[in-house]
Every structure is written in structure tokens, then in C-alpha cells.
Amino acid sequence: MNVIKVDDEKCVGCKTCYKACWLDVIRWNEETKRPVIAYAEDCVECNFCEISCPTDAIFVNVDYTRQFPSPYIPRVN
Amino acid sequence: MATLEQLGTVVETDLLVVGFGISGLAAAITAKEENAGLKVLAVDKGCVGYAGKANKGGGHVAFIPEGAEELYVEYHTKNCGDYLNDQDLIRKYASHTVKTMDRWASWGVNFIGREHAGQAHAVIPWKVCIVDNDLMIPMAKTARKLGVEFCEKITITDLLKEGDKVVGAFGFSLLTGETYIFKAKAVVLACGDQNFRIMRMWNSGRGDGIAAAYRAGAKMRNAEFGSFMNIMSAEHKLVAYGAEDALVNAKGENCSERADLDPSLKSVVGGVDLGGSQSVLMYLEVRDGKGPIFEDSSKNGFPTSFVGRNLCNLTGPPDPPFRRPCSEKFWARIMEKKHAGYRNDGPMKEVIPGVVGEFSPLYVDHDYATSVTGLFASGDICGCGGGWAGAVPTPPGRNRGSGLMHAVMTAIFAATSAAKFVAATPALGKVDADQVAKLKEETYAPLKRMKMGTTTHEIVREIGEIMQPVGYSGYKSADRMQEALDRVLVLKAKLANLVALDPHDLSSANECRSMVLCAEMFYRTSMERKESRGWHMREDFKTRDDKNGANWIVVQDKGGEMSLTLDPLPMDRYKYKPE
């Protein structure tokens, strides 16, 4: 699965990455004012968290090896 | 018996908009503009300004210049809709693109290149200009200024009815799991179509709205056309733009064309309009032992073309008139990661077809009302169900730039109708606490099961194996579709044993239920259409059957069974008829 890294030093706690994530991958810790990567397995590397972050504090490492369904011929279990 | 307040948080509004991606935002704004006194509430699983998929695309906006409308109607009917489109409604569409842009611009959206819009089509005057990918931010500001209220991180799973009329919606918070009961005089469903979670960038369309409407008794049509495919890289799993013109098989032979492909498939699903026959071509090559298929990237002219350079920014900054700060950042990041995902620097890149789906069968009439009183729809959810596009997946005809236009235009239609309906409805309907209690029990059941049941990830994986193979969903045959349907029905039985670990997973469980329902609808209607027409390509019925095929296949829930009926097209009064 993708690995989403947050640099807590660079992060300014603006919550934009949380808002930008349309798939509920990123949650928000109201106490620490920092993002929580809650459901990385659902990340689709749209990178909207990255491009919306004003301080480049978040980065999505893409897993290129993930499984894809059989493209042409049905795979019967 | 528990009261509504004991069952969840009760929220009252005049108009409920489900989904605030671009179509939901446009619907909410329109409703307030039509009637400022209405209380308008929009709900989504995401956050305001970022929800849905409109901000992850190319930002193309296509329009038909004044005076060219009828040329477009004729061309689309003959070449894209394949005579299955509602010719009255497509005429309405053609005459509203420019008006839509004018109204849309007043919401703070800047159309770049509108005055000197590019020619997006070889034959018809289909013009395309662009918007920046952060276009929903100014739209959200406009909505808030007009008094639209928002509820974030809430999924709507079902509609609430009083008799035959929709009087609200049922859902829960992704964050806390808390139940929400929305009471409304009317509901607009603008929560996207079904993409089956296969192609990752089209991942938000999970069909919850389609399933909720179906369970509420709404009619569906054109469900057999919801298997749109794009060509994607086998290595990084992103779209390989322009690859369709540079395909090479494992023997080094050009396979962008294939002589033995039935002429009807060639003419109906040609590259310029739909770009769909390539998935069939690729499938036949692989079936004949000539796979895998590669893109010869040295022969792909798309990245350096006008469109590639200025609209998708695939090869660096675009020309000055087309600069878009957000889009450029978005596409640059996509491209960086795409290149990082290639296994080597050579020009030959393995490509495979990827199912985007765009399954969108919710029926609407010409005013974007569904068949259920009080329920309206806009955007992708009713792309095929609206009927004007015909035998092609949404957005209409897959012509680039029609998705955003369709989302906003239909939102204006739906919200205008809904606002009138609300104004004529004196009071909120009665929400039945028994119905809510029953829904709550069913919806939350996966949370209460032991962890030994079927997981949402197992369902998602198997749905992919059922909807992706071209042999099942792209190049259809009765035997293979029966096999696929049998697999869907196995999954359907497993839903009774679905487990969810938390509210996020519970939302996935509801999406799984929706995906299985949509897959069943897709294969049942596909088997019923015994011909090839538009995007519906059958190996066992290779040609269009004008005598028996000029019907819309209508699907409806009848006592728990999926009922299919045929609704003949009013071909006698349509201007364009099959020759």
C-alpha cells in the first residue's frame, strides 16, 4: 500500500490535507493539530494533499506493485 | 418504539443535496439563486471544496457554439448515441452549454481560453476551454455566501419515504458512526456514479446514490453501457494518454487497428468519439497469444499536441494563455510519480485496459426529476439514465470536456425543478421511525458481526475481478456474462456476512452493497440487449438490431426482485432515424 509521510516540523497545522483528501484516508488530531494517516490502504495517489499543503509537509510514496484485477481474461478463483 | 430523536440526530431542511462535488455544489447554489428563502443543506463524505472527482481531471470544459446546436445533435445521435439517445433532451443540452458557462462564471469560475477556444473534434464544432483544478473553492465560497449549509464526512445510505414520496435521507458520520436523519421537502442526488474502485483516480464513484434510489423504487435505464475503459500503464497504473494510437503487440506488430474487427464495431466505437474499440482490439490480440500489449511511447503524439501541452500539461508548462497554477502543480506531480513508476527508460511501455465504469443508470426526465416524487438528480449519477447520450457511458459520448459541463448543466436543471417542487410543498413529510429503526439495524449490522465474516476488501477485490476483464464487461457474450453474473450472485450472498471494523469501514460495507447491486444490474441488462450498439459490444450479436433493439431497458425493484422491462423509443417523431 502507499505510504504517506508527514513532516511534523514543517506542518503548520492548517488542516488542508485533511480537507483535500476525498477518500477519508487522512484524519485530523485536534489535540496535536496534525494529520493522522488513518486508512493508507484507500489512498489512490491523487496527490491532492501534497499539492494543497502550503509547506510541502506531506508526501505520498506510491506502491507500484499493488494487485490489479485480470485485465483481459477472467481469473476464476 | 423509539422516537426519531432516540434513533439519531434529526436535521431539518427544505432541500437536501446529497454530494457536494461539482454537481452538488452547482445544485445547491442554483437552488438558493432560484429561491433565496429556501433552506438548502448539502451532505458529503468529503470536505467542502474538495469532494468528488471534478478537481482531479483535466479541467476541460466543452461547449457548442450558438448556431451549431443541430449539427451536434445529428452527429452525436448517429455516431455516439447510436440512435438510442433521447433526441429531445440532447437538443436541450446542445442549446444550454453557453448559458451554463455564463451562469457558472458568475460563481467565480474563470474560463481560460473561452474567447479563442480550441477545436476539440474533427467534424463538429465542439469547442473546449479550460478551468483550473481548484474551481470548486470559489464555488464553495459562493454557496456559503448564499447561505448554503454543509455537513461534512457523512455518508447517505438510504432515502426515507412517506408512501410514494421521498421525505428525507438516512446516513451516518464517517468520523463517529453517529446516525443522521435528514428531513427534507425534496432531495437532489448528486453523489456520482459507479466506478467499481478499479481505476484509482476514478475511485470516488461507488454507486451509493444509485443503490439508495433503486431501493427507494426509482427507475434505472441504460445500465448496460456502464463499462467505460481507458488505457492505462501496467507499470504505474495511471492513464496512458494517447496510447490508443501507438499500440504494439508482443510480436512488434502495430495493433491500433485490426482488420477482422466487425465493421459495426469500427464505425460505432471509433477513436475520435469514444476511443473504446481499443480495449476490444487489445483483448483479441491477447486471446490470440500476441500479448502483452505495449505503447510505443516514441510514436505517441498526444503529450506534445495542443491538447497534451495546454490542457493536460504532460510535458511541461503550457502556453501563456493556458496557465493554471493549481492544475500545473497537480499534473506535474502526477507525471513525476508516473515516470518514477516505469521499470526502465525504453520507449515500449506495457499497457492494459482499465475499467473506469461510469455506470450511471438513474432515470431522470427532461426536468431532472427521477421517477420517485420529491427525488431529483444531477451529474454523473444520471449520465446514462438521463437517456440523452444514448448507447455510451457518461459523460455523454466520452468527448473530452463534457463531464464538467454535464455536471453543472444538469445541476441547474435539477435544482431549478427541485426548488419549484419545494416551494409548492407546504410542510415536511412524516418520517417513519419504524423505517429508520429498520434501516439502522440493517446498515449497522456489519459492525456487530464477529470478525470471522467477509471483509470489505475481499468484496472490492472480487468485484474488480468481475467487472474488469474485457472478456466479461468489454467484449460481451452470453456465456461469459452468465459466468460473471453467477459470480456476482455469490458475492451478493456473502453480503449477509459482511463485517466492518469502524465507521469508515462501515461506509465501505455500504459501498460494497452498492457495487454488487450495480454489477448485477449491469450484467442482467447486458444479457437482455441482444445486439451490439455503441459501447455495448457483443461477440455473439455483432451488429445493431434496429428492429428489436430500439428500446430502453428499464430496471426497477419489484418486491425485492430486479425487474427488467422494455420502453420503446419514440422513433416515429425523432428527426434522425437509422438508415
Side-chain angles (χ1 to χ4, degrees), chain A residues 1-5 13-77, chain B residues 21 45-53 55-56 133-134 152-153 174-175 198 200-204 234-238 282-283 286-287 291 326 329-330 332-334 337 340-341 343 352-355 457 461-472 474 480 483-484 487 504-505 507-508:
Chain A
M1 82 175 91
N2 291 349
V3 176
I4 304 166
K5 290 185 176 170
C14 71
K15 212 174 175 176
T16 307
C17 56
Y18 163 81
K19 293 177 192 164
C21 182
W22 52 320
L23 297 176
D24 196 36
V25 170
I26 302 173
R27 291 286 179 85
W28 190 253
N29 185 328
E30 290 292 353
E31 287 177 12
T32 62
K33 305 287 181 202
R34 291 292 180 271
V36 177
I37 310 306
Y39 301 99
E41 67 274 21
D42 288 345
C43 173
V44 297
E45 67 268 2
C46 72
N47 306 305
F48 235 83
C49 55
E50 270 185 47
I51 67 162
S52 304
C53 177
T55 58
D56 291 327
I58 190 162
F59 187 81
V60 179
N61 270 318
V62 179
D63 172 13
Y64 297 105
T65 65
R66 61 184 169 258
Q67 197 186 351
F68 191 80
S70 177
Y72 303 101
I73 313 297
R75 181 191 289 150
V76 180
N77 295 326
Chain B
K45 287 184 258 188
C47 293
V48 182
Y50 298 94
K53 58 192 174 189
N55 57 353
K56 285 103 188 164
N133 281 36
D134 57 2
E152 298 177 330
K153 297 279 184 186
L174 295 184
L175 303 178
I198 296 171
R200 295 166 70 77
M201 284 291 280
W202 283 267
N203 223 279
S204 68
E235 296 174 61
H236 55 58
K237 314 291 191 299
L238 290 166
M282 293 163 82
Y283 167 74
V286 171
R287 199 172 70 173
C326 180
K329 218 171 162 185
F330 173 78
R333 201 63 56 97
I334 293 267
K337 294 193 182 177
R343 290 185 213 114
I352 51 176
V355 165
H457 289 278
R461 265 199 304 276
E462 177 64 2
I463 276 287
E465 298 293 351
I466 295 170
M467 292 307 301
Q468 162 62 38
V470 179
Y472 277 163
R480 293 196 295 269
E483 184 179 291
R487 291 176 72 169
H504 174 94
D505 203 23
S507 176
S508 289

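Naming: A, B, ... by sequence-line order, numbering from 1 per chain.
With a 4.5 angstrom heavy-atom cutoff, B/Lys153 touches chain A only via side-chain atoms. For B/Glu152, no part sits under 4.5 Å from any heavy atom of chain A, backbone or side chain. Proximity to chain B is limited to the side chain of A/Ser52, based on heavy atoms less than 4.5 angstrom apart. At a 4.5 Å heavy-atom cutoff, the contact between A/Asp24 and chain B is made by backbone and side-chain atoms alike. No part of B/Met467 comes within reach of chain A, as not one of its non-hydrogen atoms sits under 4.5 angstrom from that chain. For chain A, the nearby parts of B/Asn55 are the backbone and the side chain; heavy atoms of each come within less than 4.5 Å. Only the side chain of B/Arg461 comes within less than 4.5 Å of a heavy atom of chain A; its backbone N, CA, C and O stay farther away. Heavy atoms of A/Arg27 lying under 4.5 Å from chain B belong exclusively to its side chain. Heavy atoms closer than 4.5 Å to chain A are found nowhere in B/Lys45, neither backbone nor side chain. B/Leu175 touches chain A through backbone and side chain together, each having a heavy atom under 4.5 Å away. With a threshold of 4.5 angstrom between heavy atoms, B/Ala332 does not approach chain A through any atom at all.
Aromatic ring orientation, A/Tyr18 versus A/Trp28: tilted (interplanar angle from 30° to 60°).
The structure places CD1 of A/Ile4 at 9.5 Å from CD of A/Glu45, a figure rounded to the nearest 0.5 Å. Between the OG1 atom in A/Thr16 and the CD1 atom in A/Ile51 there is a gap of 11.5 Å [rounded to 0.5 Å].
For the residue pair B/Ile334 and A/Cys46, the shortest heavy atom distance occurs at CD1-O, 4.2 Å. Taking each heavy atom of B/Tyr472 and B/Ile466 in turn, the nearest pair found is CD1-O, 3.3 Å. Counting all heavy atoms, side chain and backbone alike, A/Val60 lies closest to A/Cys49 at CG2-SG, 3.8 Å. The nearest pair of heavy atoms linking A/Cys43 to A/Val25 is N-CG2, 3.6 Å.
Between chain B and the residues A/Tyr39, A/Phe68, A/Phe48, the most heavy-atom pairs under 4.5 angstrom are made by A/Tyr39. Of all the listed residues (B/Met282, B/Glu483, B/Lys53, B/Glu235), the one sharing the greatest number of non-hydrogen pairs under 4.5 Å with chain A is B/Met282. With respect to chain A, the highest number of heavy-atom pairs below 4.5 Å among B/Lys337, B/His236, B/Lys329, B/Arg480 belongs to B/Lys337. Of the listed residues (B/Pro353, B/Gly471, B/Gly46), the one with the most heavy-atom contacts under 4.5 Å to chain A is B/Pro353. Of the residues considered (A/Asp63, A/Ile73, A/Asn47, A/Asp42), A/Asn47 shows the highest number of contacts with chain B, using heavy-atom pairs under 4.5 Å. In terms of heavy-atom pairs under 4.5 angstrom with chain A, the leader among B/Ala340, B/Gly354, B/Gly49 is B/Ala340.
Listed for the B/Glu465 side chain is a donor-acceptor partner under 3.5 Å among the backbone atoms of A/Ser70. Put simply, the side chain of A/Asn29 never gets that close to the backbone of A/Pro35: no donor and acceptor are under 3.5 Å apart.
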If you apply the rule salt bridge (Lys or Arg N to Asp or Glu O under 4.0 Å), what do you find for A/Glu50 with B/Arg333, and how did you get there?
CA-CA 9 Å; A/Glu50 270 185 47; B/Arg333 201 63 56 97; 2.5 Å; yes
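A salt bridge between A/Lys15 and A/Glu30 is present, with a side-chain N of the basic residue lying under 4.0 Å from a carboxylate O of the acidic one.
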